[in-house]
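Ligands are counted one by one from 1 in listed order, and the atoms in each one are counted from 1 as well.
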Amino acid sequence: MSVDDPFSMIIFGASGDLARRKLIPALWSLYAARTLPEPFAIVCTARTDMSDGEFRTRMRESVGEFARLHPPSEQVWERFAAALCYVPGDPTSPDLYPRLEGRLGEIEAKLGAANRLFYCATPPSLYDDIVEHLGTSGLAHSGKGWTRIIVEKPFGRDLASARALNQQLASVFSEEQVYRIDHYLGKETVQNILVLRFANGIFEPVWNRNHVAHVQITVAETIGVETRGSYYEEAGALRDMMQNHLLQLLCLIAMEPPVTFDADPVRDEKNKVMRALRPIDPTRLDQIAVRGQYGPGFVGGRRVPGYREEKGVAPNSMTETYAALRLQVDSWRWAGVPFFLRTGKRLPNRVSEIVIRFHRTPHMIFRRDPAGVDPNVLVIRIQPDEGLDLTVAAKKPGPAMMLSPVTLDFKYGEVFGEESPEAYERLLLDAINGDATLYARGDWVEQAWALLDPVLTAWGRTPDPSFPNYEAGAWGPTAADALIARDGGTWRNP
Ligand code: BG6
């Protein structure tokens, strides 16, 4: 890839939240940081009727509100805005596509190249239509440059629908052209998991069943469903977070070293983890999975309504806003090491982290203070306090041999000073550069659904009469504590 490879990005669903909060602000920040290849054009389309000028004004506001780099200097903004245009139209109607083609034709003549990156930022129900029309209209096959497509999550709602979507994409694009986004993979700290594991010699020897007692992966949010009640009703925590973000994190922790940090080797290794995950036995679900739904409560000292009182949510909703799983990776490295995953909305803190809890020392020589020695714990803090810490035992100063846990702490903000780029910045740049390492491959997505399908089916069939079973502002239902306690563990609640 050359840094001055001209390209056009065509965003479907451009009047929506994703474009406003994430995509345009990320493209702007890349541009303002001089990392976006030039020249480029951003062709936006959605049903809302708007002129180029109106769209640019809206995006100027979004950038002011959401971009990492702001406020934009007016001159630089004007240059960026000149590359933005808007084509109103219904993506389910074939009429839109010749109009897009016309606009693209003019733009590409000026750019001198026909490299196209399509972005499906619409509700998933429109993906099929968009892909089909991109194929039949010929837009997906300019023949004069590269063509790629980014597909937002949720990628399907179960195995069957994910397969159907993969097939639909495959009828128009080759797998190398399809970029399935999972924004967690674009987070700096998530990428750092691989650096921690594979650029340091000291972790690999202990990264296995001989030293690791269990692994916890927590993605906790304080927010509720905000304005997305009707989407969330159909999704729930398992589909919204577990199937993608948490399972991706698990793969990065559990995978074998890839030969190089490139798309195929990395994604091959992640697939092997998925294949090694023990299928979930629906008859033993109570030992493996816990679901929860928040009732009213207090978060950050503020009273908040229960899930069933949120806008767009049914008063007797059975959708889970919390999910915890106990998974096992049946491999030589991980045999017998449980992986506990949990995610929920309206929990006490916004925190995403991975906890590697090591075994106790085999023999304690400091007999006077046996209680003082906790096993070592490595915490990889994904957000918000990005960094890692390792807890070790130390001798307390004084004549007696008393022990105390101390923490060796690395904080991204303190060490590197600068603000990390947004996940979308990294991911968009990678797709423009043709690097799919941080994107999900079709077979991975299907395996993730295949793993969770038995839980989705069982939960869909059997309502949970205990809902709502945790108060907003609590760490989820008590059954989740029992889930980890059966293996002698406790959740780390930061
Ligand atoms: C999205 C989910 O994928 O991730 C949202 O759909 C969730 O429900 C969000 O709030 C969390 O992302 P982040 O980057 O804020 O942890």
E221 CD: over 12 foreign heavy atoms closer than 6.0 Å: yes
Set of residues satisfying side-chain hydrogen bond (donor to acceptor under 3.5 Å, both in side chains) with respect to S331, sequence neighbours excluded: none
Can you pull the side chain to side chain donor-acceptor pair (under 3.5 Å) pairs that have at least one residue in residues 239-256, sequence neighbours excluded? K153-D240, D182-H245, Y231-D240, Q248-K270, E256-R333
Quick one: do the T478 and Y470 side chains pair a donor with an acceptor below 3.5 Å? no
Once rounded to the nearest 0.5 Å, what's the spacing between atom CG of L452 and atom CG of L325? 6.5 Å
Give the residues near ligand 1 by chain and number, with the criterion being a heavy-atom distance under 4.0 Å. K153, H183, Y184, K187, E221, I223, R228, D240, M241, H245, K345, R350, Q383
Any pair with a residue in residues 121-132 that passes salt bridge (Lys or Arg N to Asp or Glu O under 4.0 Å), sequence neighbours left out, goes on the list, sorted by first then second residue, please. none
